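Everything below concerns the one structure shown next.
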Number of protein chains: 2
Amino acid sequence: MPDDERGRTRDPDATRARLLRAATDEFAAHGIAGARVDRIGAAAKANKALIYTYFGNKDGLFDAVMDAHVTRLLDEVPFTPDDLPGYAGRLFDYLLGHPHQLRLATWHRLERAGTGRAPEGLSDSMRRKTEALAQAARPRSGDFAPEDLLVFVLALASAWTPASPHVPPGFRAEEAAGHRAAVVEAVRRLVGA
Amino acid sequence: MPDDERGRTRDPDATRARLLRAATDEFAAHGIAGARVDRIGAAAKANKALIYTYFGNKDGLFDAVMDAHVTRLLDEVPFTPDDLPGYAGRLFDYLLGHPHQLRLATWHRLERAGTGRAPEGLSDSMRRKTEALAQAARPRSGDFAPEDLLVFVLALASAWTPASPHVPPGFRAEEAAGHRAAVVEAVRRLVGA
DNA sequence: CATAACCAACTAACTGTTCATTTGCTTGCC
DNA sequence: GGCAAGCAAATGAACAGTTAGTTGGTTATG
């Protein structure tokens, strides 16, 4: 007879997962420096000391959160170098459906800039994407360099996301469909429809 | 005979300015939660108590930093609704020359999202820009909504900035000229050259 | 002298991290 | 089946270092 979220019996995997979920919310909301270990433990209904047995320390916990999110994103939004507008649209959808994603990525950029520690598989993924773009058949000359094109597509897809520096405060989800269409059209013009 | 940065005599304006400059570096580097009041005082060669007499508290100091930077940006990069590629290029230049700008803006987005307190003149400026775009003569139908166009231009101009979530680690300034040209060309395609 | 600028020292609260101890599950044995 | 040993999981309380903010006095300036 389950009475609350905490599992009836001892279950390290479930506890780990609960900590990770709570940490995701906390880090997405407050960043690394602003996150509080106490709050994470309380939200996960677990003792905060478990954070140190499972993840080493606060930074290790953040890394674990980042790795999980990057992996999931790369997994669920496959890159399609021959259909960049479609890719931008799907990335837009994903970011809209997972508001933590871009906030976490931005915190990571700001707070972990110098440390060298990058989320697992991210730089590999960027390299693969760039190479795929370089080899993709693109007819017209005077086209963008692969690096520029990739960065532009990512920037456009995330331009309307609430974590972006440019989105005005009163952003409403009902208008998302219109913005999505605009993003797709913008990328279409970039690649020369 | 000046021996260090601190003015020979008492000079409240200079002290205020020194505090503001030190706070800019500290906040740009570590954000609000990560910034340390002691470090700011030390870097400004002023007593940290002066922060509280001049700016109220840590948050007030951050607001002052943000206001100054937003004002300067809006002042030095005039908006030209009829020449969006040129505007994007000039904005790109400004962000490249003032690396603190986008970092501060991003910190503000992340840490001050809900508080309502926006940098002075920013939302006004966004509204004016949107209206200017709406009234600007653009021939072709099927064009972007003014809000979309503005957000896209800003996103593209800041896409290659080190504070962006998408820029790979090994970004070198020598390649900036090429990226600048790509940004201008991208905006040109958006508006339909 | 009167006022404003400035400073050193202080404080109360908080934070990440550790650790000795307890709790409950599993396993081998009778 | 019943039992006790062994062990990982979980806990509560504390530690040692930091932090934003304050205060009372000192010093230059007009």
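All figures in this text were calculated on a predicted structure; none of them were measured in a lab. Proteins get letters first, then strands, A, B, ... in listed order; numbering begins at 1 in each.
Where the helix from C/dC1-D/dG30 to C/dC30-D/dG1 starts and where it ends, the local axes point in directions that differ by 10°; five pairs per end, rounded to 10°.
In summary, the side chains of A/Thr106 and B/Arg109 do not present any donor paired with an acceptor at a separation below 3.5 Å, with no hydrogens or angles considered. A donor-acceptor contact under 3.5 angstrom links the side chains of B/Arg18 and B/Thr15, judged on distance only.
Rounding to the nearest 0.5 Å places CE of B/Met66 at 7.0 Å from CD of B/Gln101. Once rounded to the nearest 0.5 Å, the distance linking CZ of B/Arg90 with OG1 of B/Thr80 reads 4.0 Å.
Atom P of nucleotide D/dT19 and atom CD of B/Glu26 are separated by 10 Å, given to the nearest angstrom. Here D/dT22 presents its P atom at 12 Å from CD1 of B/Ile51, a figure rounded to the nearest Å. In this structure, B/Arg18 places its CZ atom 14 Å from P of C/dA5, rounding to the nearest Å. Atom CZ in B/Phe55 sits about 13 Å away from atom P in C/dA5, given to the nearest Å. Regarding B/His30, its NE2 atom lies at a distance of 15 Å from the C1' atom of D/dT19, rounded to whole Å. When rounded to the nearest whole Å, the span between CZ of B/Arg10 and P of D/dT26 equals 13 Å. We find that CG of A/Leu19 is positioned 13 Å from P of D/dA9, with the value rounded to whole Å.
Side-chain atoms of B/Arg117 and B/Arg112, non-hydrogen and from C-beta on, do get closer than 4.5 Å to each other. In this structure the side chain of B/Leu20 reaches within 4.5 angstrom of the side chain of B/Phe55, judged on heavy atoms. Side chains of A/Arg180 and A/Val184 form a contact here, defined as non-hydrogen atoms less than 4.5 Å apart. At a threshold of 4.5 Å between non-hydrogen side-chain atoms, the residues A/Ser125 and A/Phe79 do not count as touching.
For D/dA10, the OP1/OP2 oxygens have a side-chain nitrogen or oxygen of A/Thr15 closer than 4.0 Å. Applying the 4.0 Å criterion to OP1 and OP2 of C/dC6, one finds that B/Thr53 has every side-chain N and O outside that range. The shortest distance between the side-chain N/O atoms of B/Tyr54 and the OP1/OP2 oxygens of C/dC6 is below 4.0 Å.
In this structure, B/Lys58 contributes its side chain and B/Ala35 its backbone to a donor-acceptor pair below 3.5 Å.
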Check nucleotides 14-18 of chain C for protein N or O atoms closer than 3.5 Å to its own N or O atoms and list the pairs.
unit_1: C/dT15; atom_1: OP1; unit_2: A/Arg36; atom_2: NE; d: 2.9
unit_1: C/dT15; atom_1: O5'; unit_2: A/Arg36; atom_2: NE; d: 3.4
unit_1: C/dG16; atom_1: OP1; unit_2: A/Ala35; atom_2: O; d: 3.0
unit_1: C/dG16; atom_1: OP1; unit_2: A/Arg36; atom_2: NH1; d: 3.4
unit_1: C/dG16; atom_1: OP1; unit_2: A/Lys58; atom_2: NZ; d: 2.9
unit_1: C/dG16; atom_1: OP2; unit_2: A/Val37; atom_2: N; d: 3.2
unit_1: C/dT17; atom_1: OP2; unit_2: A/Tyr52; atom_2: OH; d: 3.0
unit_1: C/dT17; atom_1: OP2; unit_2: A/Lys58; atom_2: N; d: 3.1
unit_1: C/dT17; atom_1: O4; unit_2: A/Lys48; atom_2: NZ; d: 2.9

